[in-house]
Amino acid sequence: MDKLFALGYDISRLWENYWPNYLTGIRNTLIVAVVATLVGCIIGLVCGILNTIPYTKNDSLGKRFILKLIRVVVRVYVEVFRGTPMILQAVFIYFGLPYFTSGSVAFKGNTGIWIASLIVVSINTGAYMAESVRGGIISIDPGQTEGAKAIGMTHVQTMYNVILPQAFRNIIPQIGNNFIINIKDTSVMFVIGFIEFFAVHRNIVGVNLMYFPSAVIEMIGYLCLTLTASFLLRLLEKKMDGSNSYELAQVDALTMTAGNYNHPGRGTPFDERNPEAVKSMLREELRRQAERDEAKRQGERAETRRQNAAGDHDQRGE
């Protein structure tokens, strides 16, 4: 217990003396993570779309050659940046480019360090997102692409209006996963002198030698950042899923069992693993049956009144 009190005292002292430094590191970490994730998503989107452009033997030789070359280039880019550590990529870009270009391409000063850090994290994220986008695109039912072509849509129109909106929903969890990874992996940018959250920890430890209390602050800080990011991304996913409460436009059992009705949160009414949806469907069917029975009874009563009125008229005529 004494150790815990001593640890808490050391943490409070560190935070009291260096909280502006820690907050500066958190700010720099978030800026790089957010910007690099956005840029990486754009890179991944472009690579994923280029990597899924279809071609057939009936296409011209030039078109097939260009598309195959693009796929080779994308594949090399993805494998290289997914297969090497980010810390080595940072070293290669920050120190290697000036070396191979005899200093004509160099990252000078604090601005250069920022640019190099954003480039490294963005390119690394783009390599992962390229495969995520490709997987999201090919996960869409091919029948939708065929249907779009049948009504005269071009490949660009099909991708923009039909495929990408659905693929984007499928890859949102992966985007969030990459964002959380970027929050943590910016810690390797200290190797090129970038002052982010982990670099602040190293600098503070170098002054007071209180390594473990500072590491606890770092762990709590990273955990708060990642939990907040996960919470916001789950809210975004629920927002895109839409509401679970809605009136079905189609209640024909044959249509729904054919797979034309599905909802991420409820499945189909005939899914045995979703008893809540089955109960909802039964309640809806019972309500509609009661409405039909009531309408039938009202019709019968109206017919009876009409017949009685006709009989009274005949008797008065006689």
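Numbers here simply count residues along the sequence, with the first being 1.
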Donor-acceptor check, side chain of [X] to backbone of [Y], threshold 3.5 angstrom: yes or no?
X      : Y      : result
Arg71  : Ile53  : yes
Ser214 : Tyr211 : no
Gln157 : Thr154 : yes
Asn177 : Pro173 : no

Give a yes or no on whether [X] atom [atom1] has more than 12 heavy-atom contacts from other residues, nucleotides or ligands under 6.0 Å away.
X      : atom1 : value
Tyr222 : OH    : yes
Arg234 : CZ    : no
Trp19  : CH2   : no

Any salt bridge between [X] and [Y], counting N to O under 4.0 Å?
X      : Y      : answer
Arg202 : Glu196 : no
Arg13  : Asp10  : yes
Glu294 : Arg301 : yes
Glu300 : Arg297 : no

Checking ring-ring contact (aromatic ring centres under 6.0 Å, His included) for the pair Tyr22/His201: CA distance, chi angles, key distance, verdict?
CA-CA 8 Å; Tyr22 284 117; His201 157 70; 8.0 Å; no
Ring centres under 6.0 Å, that's the criterion: do Phe81 and Tyr77 meet it?
yes
Run the side chain to side chain donor-acceptor pair (under 3.5 Å) test against Asn178 and tell me which residues pass, sequence neighbours left out.
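None.
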Check step by step if side-chain contact (heavy atoms from CB on, under 4.5 Å) holds for Val191 and Tyr94.
CA-CA 10 Å; Val191 74; Tyr94 187 77; over 6 Å; no
Contact summary for [X] and [Y], nearest pair of heavy atoms:
X      : Y      : answer
Val162 : Ala148 : CG2-CB, 4.3 Å
Ser117 : Ile192 : OG-CD1, 3.6 Å
Leu14  : Asn208 : CD2-ND2, 3.2 Å
Val78  : Ala130 : CG2-CB, 3.9 Å
Ile183 : Thr29  : O-CG2, 3.4 Å
Arg134 : Asn51  : CD-ND2, 3.2 Å

Stepwise side-chain contact (heavy atoms from CB on, under 4.5 Å) test for Ile49 and Val46
CA-CA 5 Å; Ile49 291 175; Val46 172; over 6 Å; no
Side chain to side chain, [X] and [Y], heavy atoms closer than 4.5 Å:
X      : Y      : value
Phe107 : Ile93  : yes
Leu118 : Val39  : no
Ile43  : Met129 : no
Ile220 : Cys224 : yes
Phe92  : Tyr99  : no
Val200 : Thr24  : no
Thr186 : Phe197 : no
Tyr128 : Ile181 : no

Just do the side-chain contact (heavy atoms from CB on, under 4.5 Å) check on Val32 and Met189 with the steps written out, would you?
CA-CA 10 Å; Val32 172; Met189 292 298 109; 5.6 Å; no
Do Gln166 and Arg169 have side-chain atoms, one donor and one acceptor, less than 3.5 Å apart?
no
Phe190-Ile113 co-clustered via ILVMFWY side chain contacts under 4.5 Å:
no
Do the side chains of Leu236 and Val133 join up, straight or via other hydrophobic residues, at under 4.5 Å, putting them in one cluster?
yes
